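In this text the structure is predicted, and so the values were computed from the model without any measurement. Whatever order the structure lists ligands and atoms in, that order sets their numbers, starting from 1. Side chains are part of it too, since the values below use all heavy atoms of this structure and drop only hydrogens, waters and symmetry mates.
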Amino acid sequence: MKDFRNKVVVITGAGSGIGRAVALAFAREGARLHLSDIVPERIEKVAQEIRSLGAEATPYVVDSSDREAVAKFAEDVYANAGRVDVLHNNAGIGVGAPLQKHTLEDWEKVLAVNLWGVIYGVHFFLPKMIAQGGGGHIVNTASGAGLCGLPGLAAYTTSKFAVVGLSETMSLELARYGIYVTALCPGIIATNITKDSKVELYDEQGQNLRAKVDEFYMRFGSGPEAVAKDVLRAIRRRRPVQPSPLHMYPLWIIKRVSVRLYQALARLAGKSLLGS
Ligand code: NAD
């Protein structure tokens, strides 16, 4: 797909950060947006922003981890738009904590949104995309943490590796329907995710690291607009995996060359988060 004019684009978790930036990028290309988020004010505001650009946007309040809600979302989008050209399963949350401090509720919540949210999106939209005659693109937001394990993010990393695996299988299975698939793997991006996530990481003085993590992301993270550009490029070029933006490539390449070297570097980074 090269031209997004009048294409129907569905994005989950579009009320903030990467989802919002991707929605705005598609709007500027003349796409018709169907956007969901769990927070009503966020998604309403983004839909208004898009309309003020002269593009079409329909907001939906949907919890991506709720099976029935996603089933209804797919029904509603098809009732309103008749087809879907791009599905971007993007909603996600984080939990930062040493493995032994992850509660089972943390695991369940992160996997419910980050993995089951993607599975539900695929499960309820894909048959309709095939039935409409095939064609289109599915982007699943994974993470750099879906390519390289990270200390302090056990549940998150687990969910994102799973999304990369699912996306690769989808990519292999769905090309026969003209549906292409991208696992989007962002690096450090300045969004609301650090504010909205549970952080159970402490420095040597016992201070919670939430504020520091947030400050680090805001100061050194790339803007979500850079990721949005990469999403559109990945669709145009049918890329199965899209690390984004450029700062994500060195880690990925190092890990592919030497897992030991990658782990030595990741352990060093982990020391400041988990203590030595
Ligand atoms: P964000 O918090 O700015 O945006 C996420 C949006 O998802 C929010 O609007 C939130 O309300 C919504 N959301 C949360 N739970 C939801 C649910 N159950 N159902 C529907 N919507 C829900 O964060 P972001 O950084 O833009 O995150 C988007 C995606 O990018 C996530 O999957 C995240 O894991 C991934 N990601 C982010 C980074 C980063 O550094 N920010 C890096 C790699 C991957």
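Which parts of ligand 1 touch Ile93 is read off a 4.0 Å heavy-atom cut-off, strictly below it: atoms 14 (C), 15 (N). Of all the atoms in ligand 1, the ones that sit under 4.0 Å from a non-hydrogen atom of Val39 are 11 (O). For ligand 1, the atoms sitting less than 4.0 Å from at least one non-hydrogen atom of Ile18 are 26 (O), 30 (O), 37 (C), numbered in the order shown with element in parentheses. Here is the list of ligand 1 atoms found below 4.0 Å of a heavy atom in Tyr217: 40 (O). For ligand 1 and Ala91, the ligand atoms under 4.0 Å from any heavy atom of the residue are 20 (C), 21 (N), 22 (C), 32 (O). The contact set between ligand 1 and Gly17, taken as ligand atoms under 4.0 Å from a residue heavy atom, comprises 3 (O), 26 (O). Heavy-atom contacts of Asp63 reach the following atoms of ligand 1: 17 (C), 18 (N), 19 (N) (cutoff under 4.0 Å). Taking every heavy atom of Ser64 and a limit of under 4.0 angstrom, the matching atoms of ligand 1 come to 17 (C), 18 (N), 19 (N), 20 (C).
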Lys7 and Glu29: salt bridge (Lys or Arg N to Asp or Glu O under 4.0 Å), yes or no, with the steps? CA-CA 9 Å; Lys7 293 290 188 293; Glu29 299 266 341; over 6 Å; no
Pair Phe73, Phe125 - check ring-ring contact (aromatic ring centres under 6.0 Å, His included), show working. CA-CA 9 Å; Phe73 179 41; Phe125 279 91; 5.5 Å; yes
Stepwise salt bridge (Lys or Arg N to Asp or Glu O under 4.0 Å) check, Asp214 with Arg210: CA-CA 6 Å; Asp214 193 36; Arg210 161 185 292 286; over 6 Å; no
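Nearest protein heavy-atom contact of atom 36 (N) of ligand 1 is Tyr156 OH, 3.4 Å. Summary of contacts: the protein heavy atom closest to atom 2 (O) of ligand 1 is Ile193 N, 3.3 Å. In terms of protein heavy-atom proximity, atom 20 (C) of ligand 1 is nearest to Val62 O, 3.2 Å.
Of the N or O atoms in Pro186, none lie within a sub-3.5 Å distance of an N or O in ligand 1. Geometrically, ligand 1 and Ile188 share no nitrogen or oxygen pair separated by less than 3.5 Å. Distances between N or O atoms of Thr141 and those of ligand 1 include no value under 3.5 Å. Below 3.5 Å of separation, one finds no N or O of Gly19 facing any N or O of ligand 1. For the pair Arg42 and ligand 1, the shortest N or O to N or O distance falls below 3.5 Å. Below 3.5 Å of separation, one finds an N or O of Asp37 facing an N or O of ligand 1. Ligand 1 has a nitrogen or oxygen under 3.5 angstrom from a nitrogen or oxygen of Ile189.
Under the 3.5 Å distance criterion, the side-chain polar atoms of Tyr262 are matched with a main-chain donor or acceptor of Gly149.
Of the candidates Ile38, Thr194, Val70, the one placing a heavy atom closest to atom 16 (C) of ligand 1 is Ile38. Of the options Thr191, Asn90, Asn192, the smallest heavy-atom separation from atom 32 (O) of ligand 1 is shown by Asn90. Of the candidates Gly187, Ser143, Ala142, Ala112, the one placing a heavy atom closest to atom 42 (C) of ligand 1 is Gly187.
For the pair Asp85 and Arg83, the salt-bridge criterion is met [side-chain N within less than 4.0 Å of a carboxylate O]. A salt bridge does not link Glu56 to Arg51: none of the charged nitrogens lies less than 4.0 Å from a carboxylate oxygen.
Paired with Val9 under the rule side chain to side chain contact (heavy atoms under 4.5 Å, CB included), one option of Val139, Leu35, Leu33, Leu87 passes, and it is Leu33.
His137 and Tyr180 have tilted rings, their planes meeting at an angle from 30° to 60° on a 0 to 90° scale. Ring planes of His34 and Tyr60: tilted class, angle from 30 to 60°. Ring geometry for Tyr249 versus Trp252: interplanar angle over 60°, hence perpendicular rather than tilted (30 to 60°).
Of the heavy atoms in Lys160, only side-chain atoms (C-beta onward) come closer than 4.0 Å to ligand 1.
The environment of Lys212 atom NZ is sparse: at most 12 non-hydrogen atoms of other residues, nucleotides or ligands sit within 6.0 angstrom. Surrounding NZ of Lys128 are more than 12 heavy atoms belonging to other residues, nucleotides or ligands, all under 6.0 Å away.
Transitive grouping of hydrophobic side chains (ILVMFWY, heavy atoms separated by less than 4.5 Å) keeps Met218 and Val199 in distinct clusters.
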